[in-house]
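Inspection log for the structure reproduced underneath, given as structure tokens.
In what follows, chains are A, B, ... by sequence order, proteins preceding strands, each numbered from 1.
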There are 2 protein chains.
Amino acid sequence: MGLYHLDDERQAAVHKIRKRVIENIGRNMDLYGIPVSTGHLYGLLYFADKPMNLDEMGQEMKMSKTSMSTGVRTLLDYKMVNKVWEKGSRKDLYEVEYDWYQSFVDFFDIKWRKSVESNIHVLRKALDETEKLRKAHEDDEELTAVLQEDQAKMREAVAYYKWLERLIDTLVDGEIFNYVPKEPPEGKI
Amino acid sequence: MGLYHLDDERQAAVHKIRKRVIENIGRNMDLYGIPVSTGHLYGLLYFADKPMNLDEMGQEMKMSKTSMSTGVRTLLDYKMVNKVWEKGSRKDLYEVEYDWYQSFVDFFDIKWRKSVESNIHVLRKALDETEKLRKAHEDDEELTAVLQEDQAKMREAVAYYKWLERLIDTLVDGEIFNYVPKEPPEGKI
DNA sequence: AACATTGTACAGTTTTTACTGTACGTACTT
DNA sequence: AAGTACGTACAGTAAAAACTGTACAATGTT
């Protein structure tokens with residue numbers, strides 16, 4: 001973590017402060033459906049002042065290299081960390097994506113959009129089948145009533161998901177920042 | 001589910017269509033950190049044409065009443081279902097919140113906001129401690145460099161979380177729908 | 001007051017998820 | 001080509017989460 005040139009006491013003090021932040025980040029990362037330990041890994045990388053390799057991570061996290069491998073892969077899938085190329089080193093190096101706004105957007109673009117698309121697809125298909133069934137039994141008033149109810153609900157659902165898609169679009173194209181602007185960090189310049 | 005007056009074949013056809021939708025909703029519900037089975041429960045309630053009690057749910061889901069109880073509680077916490085009062089019945093009745101936009105907003109207002117607040121709190125505290133540590137060792141250039149780096153990162157993080165708070169605000173106060181408007185459901189009037 | 005019904009706390013079980021160690025494929029080095 | 005270093009697939013183990021059955025408190029009924 002690049003602070004081993006400090007004397008032990010001061011190093012420990014820095015570590016202690018970082019640790020609480022890292023653990024909090026890790027804990028809250030379950031919002032993204034990410035295991036706590038992978039969240040910790042993220043936190044570790046967040047404070048690292050240079051890209052890390054799997055062995056270094058394992059050492060710091062006191063976990064197996066295999067776990068680091070899978071953890072990093074998860075974070076890569078979410079684009080929360082990036083692979084870094086460094087001449088000389090044969091090891092793969094990773095660093096966090098420091099643009100958290102981008103990470104937030106990517107999360108929705110990756111996970112939520114997939115879910116939304118799948119839901120719309122299934123609903124469209126169900127609407128189709130419902131319509132067929134309805135037409136095949138137009139004389140059956142009870143059935144018609146049930147099917148129309150279902151159709152109304154499913155059309156509402158599709159409308160909602162399409163809204164969600166548009167919302168994700170405004171995130172991805174950055175338009176959201178016109179509505180809800182970023183502000184510069186507070187504190188000394 | 002209110003369709004037992006239909007003949008068996010047609011009833012089965014309706015069930016089959018609903019089932020796939022329900023399962024998809026359930027599966028995608030893990031985005032909210034909700035167990036798949038609770039997602040299914042939600043789907044069941046979604047298609048129910050009247051509020052259900054725990055025994056009915058257990059029967060349909062082929063699961064224990066205890067599980068229904070905890071499942072419903074989870075959904076209540078997220079405001080995805082509402083408790084309904086019906087004179088006569090001693091049993092508690094529940095129905096889904098059909099306003100999915102509202103459910104979406106509530107989810108962020110409840111889960112994300114809590115997380116954001118906790119993160120800001122921890123970061124502010126860490127920034128404080130960092131500042132104290134820095135002032136106590138102003139002669140130590142190495143330490144100062146490390147701490148300033150950490151401070152810069154944490155201030156960025158706070159700025160991001162404050163943005164997230166404002167985003168959630170626009171969801172909660174409904175302003176988001178001025179930017180990304182709802183559209184009426186498609187299909188026949 | 002005795003009895004019945006309902007929801008849930010809690011302990012125990014099952015199922016799922018996270019983690020580890022080994023073994024191996026790939027790619028670089030000599 | 002043999003040797004070495006690296007990342008990950010895979011099988012097994014440990015830990016966590018979901019689920020069930022029983023017991024009981026709260027509330028309503030007779």
Side-chain angles (χ1 to χ4, degrees), chain A residues 22-23 25-45 48 50-78 80-95 111, chain B residues 22-23 25-45 48 50-78 80-95 111:
Chain A
I22 288 175
E23 275 174 8
I25 291 175
R27 205 168 330 113
N28 289 138
M29 212 99 149
D30 82 323
L31 282 184
Y32 297 93
I34 287 174
V36 180
S37 76
T38 305
H40 286 170
L41 175 59
Y42 180 85
L44 173 68
L45 289 171
K50 58 168 182 35
M52 292 179 79
N53 63 51
L54 295 179
D55 289 310
E56 290 165 342
M57 295 176 205
Q59 211 166 337
E60 290 283 344
M61 298 274 297
K62 287 173 183 122
M63 284 177 69
S64 73
K65 198 176 173 180
T66 309
S67 295
M68 296 303 100
S69 178
T70 59
V72 161
R73 190 136 37 106
T74 302
L75 294 172
L76 274 176
D77 289 345
Y78 287 95
M80 287 176 171
V81 308
N82 299 308
K83 200 165 188 166
V84 172
W85 288 108
E86 201 169 275
K87 59 194 169 193
S89 175
R90 280 169 61 187
K91 298 176 197 257
D92 296 353
L93 296 169
Y94 303 93
E95 70 178 357
K111 271 215 113 174
Chain B
I22 289 175
E23 276 175 8
I25 291 176
R27 204 166 333 113
N28 289 138
M29 212 100 149
D30 82 322
L31 282 183
Y32 296 92
I34 287 174
V36 179
S37 77
T38 305
H40 286 170
L41 175 59
Y42 180 85
L44 173 69
L45 290 171
K50 57 168 184 34
M52 292 178 79
N53 62 51
L54 294 180
D55 289 309
E56 290 165 341
M57 295 177 205
Q59 211 165 337
E60 290 282 343
M61 298 274 296
K62 287 173 183 120
M63 284 176 69
S64 73
K65 198 177 173 179
T66 309
S67 295
M68 295 305 99
S69 178
T70 59
V72 162
R73 191 136 36 107
T74 303
L75 293 172
L76 275 175
D77 288 344
Y78 286 95
M80 288 176 171
V81 309
N82 299 309
K83 198 165 189 167
V84 172
W85 288 107
E86 201 169 273
K87 59 194 170 196
S89 175
R90 279 170 61 190
K91 297 175 197 260
D92 296 353
L93 296 168
Y94 303 92
E95 71 178 355
K111 271 215 113 173

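Between B/L93 and B/P51 the shortest heavy-atom distance is CB-CB, 3.9 Å. Heavy atoms only, all atoms of each residue included: B/Y32 and B/Y78 are closest at O-OH, 3.6 Å. Considering all non-hydrogen atoms of both residues, B/L76 and B/V81 come closest at CD2-O, 3.2 Å. Across every non-hydrogen atom of A/T38 and A/L75, the tightest pair is CG2-CG, 3.8 Å. Heavy-atom minimum distance, A/Y94 versus A/L45: O-CD2, 3.9 Å. Shortest non-hydrogen contact noted between B/M52 and B/M57 is O-CE, 3.5 Å.
A straight line from CG of A/D92 to C1' of D/dT8 spans 11 Å, rounded to a whole angstrom. In this structure, CZ of B/R73 is placed 14 Å from C1' of D/dC19, rounded to the nearest angstrom. Following rounding to the nearest Å, B/L93 (CG) and C/dT5 (P) show an atom-to-atom distance of 18 Å. Rounded to an integer number of Å, the gap from B/L76 CG to C/dG7 C1' is 13 Å. Atom CD in B/E86 sits roughly 16 Å away from atom C1' in C/dT6 (whole-Å rounding). For the pair B/N53 CG and C/dT5 P, the computed distance is 14 Å after rounding to whole Å. One can place CH2 of B/W85 at 11 Å from P of D/dT27, the figure rounded to the nearest angstrom. Put simply, CG on B/L54 is 16 Å from P on D/dG21, counting in whole angstrom units.
At a non-hydrogen distance threshold of 4.0 Å, A/P35, A/S37 from residues 26-37 of chain A come into contact with DNA chain C. Within residues 62-72 of chain B, the residues that place at least one heavy atom under 4.0 Å from DNA chain D are, in residue-number order, B/M63, B/S64, B/T66, B/S67.
Residue pairs satisfying the salt bridge (Lys or Arg N to Asp or Glu O under 4.0 Å) criterion with at least one member in residues 62-76 of chain B, sequence neighbours excluded, are listed as follows: B/D55-B/K65.
Residues satisfying the side-chain hydrogen bond (donor to acceptor under 3.5 Å, both in side chains) test with B/D30, not counting sequence neighbours, are none. Shown here are the side-chain hydrogen bond (donor to acceptor under 3.5 Å, both in side chains) partners of A/T74, two or more places apart in sequence or in another chain: there are none.
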Review point. What string of B, S and - do you get for nucleotides 25-30 of chain C, 5' to 3', when a contact is any protein heavy atom under 4.0 Å?
Key: ------
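Counting only N and O atoms by type, the side chains of A/S69 and A/T66 include no donor and acceptor under 3.5 Å apart.
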Exercise for review: Carefully, step by step, assess B/K50 and B/E56 under the rule side chain to side chain contact (heavy atoms under 4.5 Å, CB included).
Suggested key: CA-CA 11 Å; B/K50 57 168 184 34; B/E56 290 165 341; 3.9 Å; yes
